[in-house]
Amino acid sequence: MSYPDPPEQPPYSPPPTTANPYPNPYGGQPQPYGQPQPYGQPHPYGGQPQPYGQALSYPPAYGGYGYPPAPGRPWQVVGAGVLAYILAGILIISGAVLLATASATDSIGREFGGDTSSITAELALDGFVDLLAAGLLITGGVMMTGRKRLGRTMLISGCSVTLAACVYWLVRTSAHAGIVVFDLLYAALAVIALVLAVSGTVSQWLNGAATAAPSAYPG
C-alpha cells in the first residue's frame with residue numbers, strides 16, 4: 001500500500017516590519033520593531049555607539065570655557081597681603097590710642113595749667129604716622145593681590161614706615177621692656193611681609209609671567 005506524499009509547506013517569511021513611531025532621541029534613523037537594537041551607549045557627539053566597558057571620549061576642555069586655566073596668585077602674594085592686613089589692623093588700634101592719649105594729655109595740661117604741648121604734638125604725630133602706615137599697607141595689599149605693581153610699592157612703603165617708627169620708639173623710650181615687645185611684633189610682621197613682597201616669584205607674577213604650575217592635562 002502506498003501513502004500519498006504530505007503537502008508541501010510554504011516557505012517561512014518573517015513578519016512585516018513596522019516603523020517605530022518614537023524618534024531616536026540621539027539622532028539617526030529610527031529602528032523598526034522587530035529589529036534588534038545595537039548594544040552600547042550612544043556617543044554624546046554622534047557617530048557609532050560605544051560598546052560596553054569602553055569609556056566615552058570627550059574633546060579636551062580647559063576650565064569649561066575652552067581657555068587654558070589662568071595661573072593663580074603665588075602664595076607669597078597672599079601671605080604678604082594677609083600680613084599687611086594684620087599689621088594695618090594693629091597700627092590702626094595703636095594710632096587711635098596715641099591720638100586719644102594726646103587729647104587726654106592736652107586736656108590735663110589745660111586743666112592744671114601745665115605745658116604739655118610738646119608731648120601732645122609728639123603723640124599726635126606718632127598716631128598719624130601709624131594711621132598713614134596702615135593706609136599704605138591696606139591699599140598696597142589690595143592692589144598687589146589685584147596684580148598691580150603700584151600696590152607692591154605702597155606695601156613696601158607701609159612696611160618701611162612701620163620699621164622706622166619701631167626704631168624711633170626704641171630710641172625714644174630707651175628700650176623699655178614693654179615697648180620692646182610691641183616693637184618686635186610690629187617689626188617681625190613688617191619684615192616678613194616685606195621679604196615676601198620683594199621675592200622673585202612675586203616680581204614675575206606682577207610682570208605678567210605665568211608661575212610654574214602642574215598641568216592638569218598631561219601629554
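The heavy-atom pair separating Ala80 from Leu155 by the smallest distance is O-CD1, 4.0 Å. For the residue pair Ala190 and Cys159, the shortest heavy atom distance occurs at O-SG, 3.6 Å. Residue Ser94 comes nearest to Asp130 through the heavy atom pair CB-OD2, 3.6 Å, listed as atom of the first residue, atom of the second, then distance. Taking all atoms of both residues into account, the shortest heavy-atom contact from Ala133 to Val161 is CB-CG1, 3.8 Å. Contact detail for Pro74 and Thr201: the closest heavy-atom pair is CB-CG2, 3.7 Å. Looking at every heavy atom in both residues, Cys166 comes nearest to Ala187 through SG-N, 3.9 Å.
Interatomic distance, CG of Leu194 versus OG of Ser160, reported as 6.0 Å (0.5 Å rounding). Rounded to the nearest 0.5 angstrom, Ile93 CD1 and Leu131 CG are separated by 11.5 Å. One distance of note links CE of Met143 with CG of Leu150; it measures 4.0 Å at 0.5 Å rounding. Remark: Thr101 OG1 to Asp106 CG distance equals 12.5 Å, nearest 0.5 Å. Taken to the nearest 0.5 Å, the CD1 atom of Ile138 stands 10.0 Å off from the CG atom of Leu87. We find the CG-CD distance between Leu98 and Glu122 to be 9.5 Å, quoted to the nearest 0.5 Å.
Residues Ile192 and Val82 share a hydrophobic cluster, clusters being chains of Ile/Leu/Val/Met/Phe/Trp/Tyr side chains in contact below 4.5 Å. A continuous path of ILVMFWY side-chain contacts below 4.5 Å connects Val78 to Leu189, so both sit in one hydrophobic cluster. Hydrophobic clustering places Leu170 together with Leu184 (ILVMFWY residues linked when any side-chain heavy atoms are closer than 4.5 Å, directly or through intermediates). Placement of Tyr186 and Ile86 within a single hydrophobic cluster is found when ILVMFWY residues are connected by side-chain heavy-atom separations under 4.5 Å, directly or transitively. Taken together through direct or relayed side-chain contacts under 4.5 Å among Ile, Leu, Val, Met, Phe, Trp and Tyr, Leu185 and Val97 form parts of separate hydrophobic clusters.
Using a 4.5 Å cut-off on side-chain heavy atoms (C-beta onward), Val129 and Tyr168 make no contact. Val202 is not listed as a side-chain neighbour of Leu196, based on a closest heavy-atom distance of 4.5 Å or more.
Of the possible polar contacts, one joining the Arg147 side chain to the Trp205 backbone as a donor-acceptor pair under 3.5 Å is found. Judged purely by atom type and a 3.5 angstrom limit, Arg152 has no side-chain atom pairing as donor or acceptor with the backbone of Met144. Using modelled atom types, no side-chain atom of Thr139 and backbone atom of Leu136 make a donor-acceptor pair closer than 3.5 Å. The main-chain N or O of Gly158 is found under 3.5 Å from a side-chain atom of Thr162 such that the two form a donor-acceptor pair.
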Step-by-step side-chain contact (heavy atoms from CB on, under 4.5 Å) determination, Arg149 to Asn207: CA-CA 8 Å; Arg149 285 180 288 183; Asn207 291 331; 3.5 Å; yes
Stepwise side-chain contact (heavy atoms from CB on, under 4.5 Å) check, Phe182 with Ile90: CA-CA 10 Å; Phe182 286 102; Ile90 300 175; over 6 Å; no
